Amino acid sequence: MPRKTLTGLLCLAVTLLTAVAPAPARADNPIVQTIYTADPAPLVHNGRVYLYTGHDEDGSTWFTMKEWRVYSSADMVNWTDHGSPMSLATFSWASKDAWAGQVVQRNGKFYWYVPVTNRATGRMAIGVGVSTSPTGPFTDALGRPLVENGEIDPTVMIDDDGQAYLYWGNPNLWYVRLNSDMISYSGSATKIPLTTAGFGTRTGDANRPTLYEEGPWVYKRNGLYYNVFAAKCCSEFIGYSTAPGPTGPWTYRGTVMPTQGSSFTNHAGIVDFNGGSYFFYHNGALPGGGGFTRSVAVEKFTYNADGSIPQITMTTGGAPQNGTLNPYTRQEAETIAWSSGVETERASEGGMNIGFLENGDHVKVKGVAFGAGATAFSARVASAAAGGRIEVRLGSPTGTLAGTCTVPGTGGWQTWTTVTCPVSGTAGTQDLYLRFAGGSGYLFNVNWWQFTGTSGSIR
């Protein structure tokens, strides 16, 4: 079993904070606490937001990234971990640098455009993964780079007329017109003129006269084209430009997110979902975090009447919940609003499970709609040790104890059984905390959980 480097730091930080602050932390940002994540790329599909990220390795002193990850949410606060559906190993021609990419849907497939180092040339190139599912697995669509000029950070926009554009670049900004198959293009790569009118004025660097640095995120809204990008390294802020057409001419519109957040890079992704607009970014907010150990976060915002983007500040609270969570259907244990001391891994029964759980670790699930109240709690568990207990608590990790489930040793970390225990006092909509208790060392794994309700409960 691996050492819990990040989660161990998080547990220590929570312990230190609670020693001086009696009220429990209410933070929901960053939205992933089990690993370091970076370069968020959201996609809305079938009533969920799918969030594609990079993965900064623990203890990194460079952009050490070997895989990409995917998470999804139906309410913008409880995020389900779907693991890593694509890695450097997906691309036999890639040697390193699983950096910032984006997924778009077309033709019943999901295309993941990513920059990696081409082993044959030593240069950065853009590869394409493809899958029939938003959670993968993804395979190499081409077996070679789609395009290669040593630059990074692809983003794709499909216009209303069906024409798709791939943009990328640092230090320049390029685009190609993708064909309808999304894995080839017509014509040659075109360099977008980086003018000060189009991308703002940078001072102090004669080689970079504009604010544009990297990480473009291009999309269309109400007939206007937006290019939101990381500006003026280092440290970066997020700026944006707009244009009447997909290739320009661009006009610089100002700052979206000022420099902040203990990471010298930032990377934006923007989507509309269930009537709201959401801005994703990364910072170094988790314990041990920084410029090479980053974490993805999100804020809700409202466009100004003229279509301009307001200035957005990082918060620890994050976006408000959009809806509630139904506890009377099976919920994956890796659906999490906040966690402490928890990791995830592939489960033998499919999907992911939470694991490496030690005494005092916990998971928060926000806005659980218990209705008239639950009578029982069930969980799918496994333990190669002596097991332990799941404390079902409300409001905080030390809040009202609604019930306790005893978890036995099952003979293996992937040898699963279901345990059930009575619960009470769960009426209404409340934040649920599953606190894990027992002896020393790793206790058990949890794959899923579900409540049983009274006759008046929502099903």
Side-chain angles (χ1 to χ4, degrees), residues 27-32 36-43 49 51-54 56 63 76-77 99-102 152-153 155 167 169-170 173 194 198-203 208 210-219 221 224-243 250-273 276-286 289-320:
D28 293 315
N29 261 341
I31 59 179
V32 176
Y36 295 117
T37 54
D39 305 322
L43 170 72
V49 174
L51 180 63
Y52 302 88
T53 77
D56 288 338
F63 302 110
M76 298 304 296
V77 296
W99 288 358
Q102 184 184 355
I152 60 174
D153 292 354
T155 182
Y167 308 82
N170 177 350
L173 180 58
L194 292 178
F199 296 92
T201 301
R202 182 189 314 216
T203 58
R208 303 287 292 255
T210 77
L211 294 172
Y212 176 84
E213 184 72 24
E214 61 186 351
W217 181 268
V218 180
Y219 64 100
R221 179 182 181 272
L224 189 63
Y225 296 81
Y226 292 75
N227 186 342
V228 182
F229 56 88
K232 194 185 178 181
C233 189
C234 285
S235 293
E236 293 175 344
F237 67 93
I238 302 297
Y240 80 111
S241 303
T242 60
W250 296 97
T251 300
Y252 182 62
R253 301 294 297 274
T255 298
V256 177
M257 177 170 279
T259 300
Q260 56 190 290
S262 65
S263 167
F264 60 84
T265 67
N266 203 346
H267 192 101
I270 296 178
V271 291
D272 287 343
F273 175 67
S277 298
Y278 296 89
F279 178 83
F280 292 82
Y281 59 96
H282 68 226
N283 58 26
L286 288 183
F292 302 118
T293 44
R294 299 160 293 181
S295 297
V296 168
V298 64
E299 310 293 344
K300 187 178 182 181
F301 74 97
T302 301
Y303 288 89
N304 296 321
D306 63 356
S308 60
I309 303 174
Q311 194 164 122
I312 300 169
T313 298
M314 298 181 185
T315 72
T316 57

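Just so you know, these numbers come straight off a predicted model, no measurement behind them.
Heavy atoms only, all atoms of each residue included: Met257 and Thr313 are closest at CE-C, 4.1 Å. Residues His267 and Ala100 approach most closely at CE1-CB, 3.4 Å, considering heavy atoms. Considering every non-hydrogen atom in both Leu43 and Val271, the closest pair reads N-CG1, 4.4 Å. The two atoms that bring Ala297 and Pro30 nearest to each other are CB-CA, 4.2 Å, heavy atoms only. Taking both residues in full, the closest heavy atoms of Trp250 and Ala243 are given as CE3-CB, 3.4 Å, listed atom of the first, atom of the second, then distance. For Met76 against Pro320, the heavy-atom pair with the smallest separation is CB-O, 4.2 Å.
Residues meeting the side chain to side chain donor-acceptor pair (under 3.5 Å) test with Ser277, sequence neighbours left out: Asp272. His282 is linked by a side chain to side chain donor-acceptor pair (under 3.5 Å) to Thr265, counting only residues two or more places apart in sequence or in another chain.
Asp28 places no side-chain N or O within donor-acceptor distance of the main-chain N or O of Gly318, the cut-off being under 3.5 Å. Although no hydrogens or angles enter the test, the distance criterion places a donor-acceptor pair under 3.5 Å between the side chain of Asp306 and the main chain of Ser308. For the pair Arg208 (side chain) and Arg202 (backbone), a donor-acceptor distance under 3.5 Å is absent. In this structure a side-chain-to-backbone donor-acceptor pair under 3.5 Å is present from Tyr212 to Gly169. Side chain of Ser262 to main chain of Gly284: a donor-acceptor pair is present (N/O by atom type, distance under 3.5 Å, no hydrogens or angles). Panel note: side chain Asn29, backbone Thr315; a donor-acceptor pair is recorded below 3.5 Å.
The side-chain contact (heavy atoms from CB on, under 4.5 Å) with Arg294 is formed by just one residue from the set Asn283, Leu286, Asp39; it is Asp39. Checked against Pro42 for a side-chain contact (heavy atoms from CB on, under 4.5 Å), the options Phe273, Trp217, Tyr278 give a single hit: Trp217.
How far CG of Leu173 is from CZ of Phe199: 5.0 Å, rounded to the nearest 0.5 Å. Separation of atoms OG1 (Thr293) and CG (Asp56) is listed at 6.5 Å; rounding is to 0.5 Å.
Donor-acceptor pairing under 3.5 Å is lacking for the side chains of Gln311 and Thr255.
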Legend entry - Candidate pair Ile270 and Phe301, rule side chain to side chain contact (heavy atoms under 4.5 Å, CB included), full reasoning: CA-CA 10 Å; Ile270 296 178; Phe301 74 97; 4.0 Å; yes
Inset, instruction - Test Asn227 against Tyr167 for side chain to side chain contact (heavy atoms under 4.5 Å, CB included), laying out the working first. - result: CA-CA 10 Å; Asn227 186 342; Tyr167 308 82; 5.6 Å; no
Inset, instruction - Test side chain to side chain contact (heavy atoms under 4.5 Å, CB included) on Thr37 and Leu51 and set out the steps. - result: CA-CA 11 Å; Thr37 54; Leu51 180 63; over 6 Å; no
Legend entry - Candidate pair Glu299 and Tyr281, rule side chain to side chain contact (heavy atoms under 4.5 Å, CB included), full reasoning: CA-CA 9 Å; Glu299 310 293 344; Tyr281 59 96; 2.6 Å; yes
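Under the 4.5 Å side-chain criterion, counting only non-hydrogen atoms from C-beta, Thr155 is in contact with Val218. In this structure the side chain of Val256 reaches within 4.5 angstrom of the side chain of Phe279, judged on heavy atoms.
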Just distance, no hydrogens or angles: give the donor-acceptor pairs under 3.5 Å from side chains in residues 228-241, sequence neighbours left out.
residue, atom, partner, partner atom, Å
Glu236, OE1, Asn266, N, 2.9
Tyr240, OH, Ile309, N, 3.0
Ser241, OG, Gly198, O, 2.6

